[in-house]
Number of protein chains: 2
Amino acid sequence: MEAMPDARIVPDGRAQQIAAGLRAAITAGRLAPGTRLPSVRQLQVQHHVARETASRALGLLVADGLAMARPGSGTYVRPRAERLPLSPDRYSRVSRQEAASPGPPAPNDRPPRAAGFRGARTAPAETHLAAVFALPVGAPVYERTALLTHQGAPACLLITHYRPEHLAGTALAAALENNGEREHAFEVLAAHGLAPAAVTEQLLTRSPTDAERTLLQLAGAEPVMEVCRIARGHNGHALEHARLVYAGHRFLWSYSHRL
Amino acid sequence: MEAMPDARIVPDGRAQQIAAGLRAAITAGRLAPGTRLPSVRQLQVQHHVARETASRALGLLVADGLAMARPGSGTYVRPRAERLPLSPDRYSRVSRQEAASPGPPAPNDRPPRAAGFRGARTAPAETHLAAVFALPVGAPVYERTALLTHQGAPACLLITHYRPEHLAGTALAAALENNGEREHAFEVLAAHGLAPAAVTEQLLTRSPTDAERTLLQLAGAEPVMEVCRIARGHNGHALEHARLVYAGHRFLWSYSHRL
DNA sequence: CAGTGGTCTAGACCACAGC
DNA sequence: CTGTGGTCTAGACCACTGG
């Protein structure tokens with residue numbers, strides 16, 4: 001049997017104490033989002049502490065996602081974003097409804113769109129992808145990448161794959177490339193006679209890579225949600241393979257099912 | 001319009017460079033899980049760097065979840081756990097099957113069980129919970145907490161709530177309290193004529209609290225997956241409300257649905 | 001330009017593991 | 001007891017912001 005040695009509830013230390021004070025003020029609402037926190041040198045003299053220690057205190061808040069540092073300017077209380085609910089229902093509303101919704105826009109109404117960074121190419125399928133599409137390894141697949149934004153902030157990295165015969169030389173490829181994710185890809189597929197009939201999603205959470213941290217503008221330890229989605233047609237063949245990397249703190253995934 | 005000032009791809013710095021070297025050796029498999037990394041003082045002389053800098057390099061690996069520090073002993077490559085798939089199918093197999101599975105146990109076969117820390121009490125319902133159960137705020141609900149483990153390691157914190165009239169004075173309460181999560185709660189409910197007919201799950205990912213970090217033995221920036229699950233009977237009334245906080249790096253959530 | 005955060009240095013003290 | 005990681009100090013240089 002393994003003993004459980006570690007039970008440190010809260011590691012003390014001056015930096016932790018200073019951070020705790022600011023953390024309490026932030027979570028209690030005394031320091032509004034966007035407020036500039038005391039500077040490193042201010043904390044240094046206020047708490048009679050070394051510069052490095054004061055800097056570490058602010059670093060702890062940044063790591064918690066409570067604050068963000070802007071070098072040369074200051075450290076600011078991070079605005080807490082509402083989580084946008086995402087449910088599979090959004091795949092069903094294939095046709096875009098322009099119905100003016102009364103009151104505030106329904107949160108699930110507009111999933112992240114508006115691509116900021118796009119690309120499309122033909123790439124050889126690696127093993128996993130080949131298995132999904134029932135193609136030999138290395139066979140060409142159509143690949144499309146995008147960075148989706150929501151409410152002006154980057155929200156999700158997207159890599160989708162399609163069978164080349166579904167697109168090559170058809171209007172579908174052009175439609176997918178030209179629309180800046182204004183329409184959901186499912187709508188485009190359906191409009192070309194390839195309406196998905198079933199979707200499977202696999203979700204996992206992890207800490208972001210460096211590239212993801214900058215592209216999604218993640219602060220400190222904020223995790224990403226990685227979703228692998230496979231859409232299949234009525235015959236069970238894969239129509240689309242998508243790998244989505246969400247800024248985890250901005251969304252909420254909903255699923256329901258009968259037993 | 002806000003400009004986009006930050007585009008730092010990779011912050012240099014000696015600590016980052018030293019960490020990068022070790023990180024590459026770990027991810028490439030040259031340093032096997034469980035291996036002891038060079039000590040702070042060894043790195044200090046190897047790279048002709050201050051002690052603090054060497055220490056920060058190891059700290060970066062710990063923050064990435066690639067290594068774990070054991071004060072007084074050393075810093076070790078963290079074993080990478082396989083992710084256990086979790087799918088709603090596990091709710092359907094109400095009766096426990098003892099069928100000897102040939103070969104290695106199917107990964108989805110045994111969701112986390114074996115409670116290590118339990119409690120049961122009657123608590124007043126706060127607003128959200130009251131709404132779920134259609135009870136007045138403050139009405140008593142039956143609350144049950146547990147720490148589920150999987151493969152010997154803590155996996156999931158669990159708080160479940162039930163309507164008191166479903167349990168008070170019945171054998172159900174005793175059954176729920178006495179079985180150390182050996183049976184899934186749904187099996188116990190079904191055995192008492194309260195078989196769930198539908199389940200809704202809401203998933204979100206975030207960084208853990210300090211308490212969760214110690215209870216789930218999370219390293220560095222590893223996130224948690226928080227799941228809010230509501231099970232309803234055939235009449236639509238809530239039978240169970242569960243809040244689960246998973247060690248996010250050890251599981252994989254699967255969902256599928258038809259359109 | 002003055003002020004900001006980020007990082008490194010050399011040295012020190014502490015609590016702890018494990019022999 | 002020696003070696004370990006964790007933390008703090010006082011001082012320094014850098015790149016950056018913003019008036």
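Since the structure is predicted, the reported quantities are computational estimates derived from the model, not experimental observations. First the proteins, then the strands, lettered A, B, ... as listed; each starts at 1.
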Per the atom types in the model, does the base of C:dG6 pair as donor or acceptor with the side chain of A:Arg51 at under 3.5 Å? yes

Gap between atoms CZ and P, on B:Arg70 and C:dG18 respectively (whole Å): 7 Å

No-hydrogen, no-angle side-chain donor-acceptor test under 3.5 Å, B:Ser254 and B:Ser87: no

Honestly, is B:Arg70 close enough over B:Tyr76, meaning NZ or CZ under 6.0 Å from the six-membered ring centre and within 45° of the axis? yes

Taking the basic N atoms (NZ, or NE/NH1/NH2) and the acidic carboxylate oxygens, is any pair closer than 4.0 Å for B:Glu240 and B:Arg144? no

Do B:Thr27 side-chain atoms and B:Arg23 backbone N/O form a donor-acceptor pair below 3.5 Å? yes

Once you round it to whole Å, what is the distance between P of D:dG5 and CD of B:Gln42? 8 Å

Taking CZ from A:Arg14 and P from D:dT7, how many angstroms apart are they, rounded to a whole number? 14 Å

Let's see if you can work this out: which of D:dC8, C:dT4, D:dT9 has an atom nearest to the side-chain heavy atoms of A:Ser39? C:dT4

Of the listed nucleotides C:dG5, D:dG6, D:dC8, the one nearest the side chain of A:Thr53: D:dC8

Figure out the CG/P separation between B:Asp12 and C:dG6, and round it to whole Å. 14 Å

Quickly work out the A:Gln44 CD to D:dT9 P distance and round it to whole Å. 9 Å

Euclidean distance, atom CE of residue B:Met68 to atom P of C:dA17 [Å, nearest integer]: 13 Å

Measure the distance from CD on A:Glu52 to P on C:dA10 and round it to the nearest whole Å. 14 Å

Judged by modelled atom types alone, do A:Tyr255 and A:Glu201 share a side-chain donor-acceptor pair under 3.5 Å? yes

Assign A:Ser55 to base, sugar-phosphate, or nothing according to its heavy-atom contacts below 4.0 angstrom with the strands shown. base

Closer to the 5' end of DNA chain C via nearest nucleotide, is it B:His48 or A:Ser73? A:Ser73

5′-ward residue of the pair A:Ala54/B:Arg36 relative to DNA chain D: B:Arg36

Side-chain-base donor-acceptor pair under 3.5 Å for A:Arg41 and C:dG5: yes

Rounded off to whole Å, could you give me the CZ-to-P distance for the A:Arg56 and C:dG6 pair? 13 Å

Assert: residue with more 5' nearest nucleotide on DNA chain D, out of B:Gly72 and A:Ala50, is B:Gly72

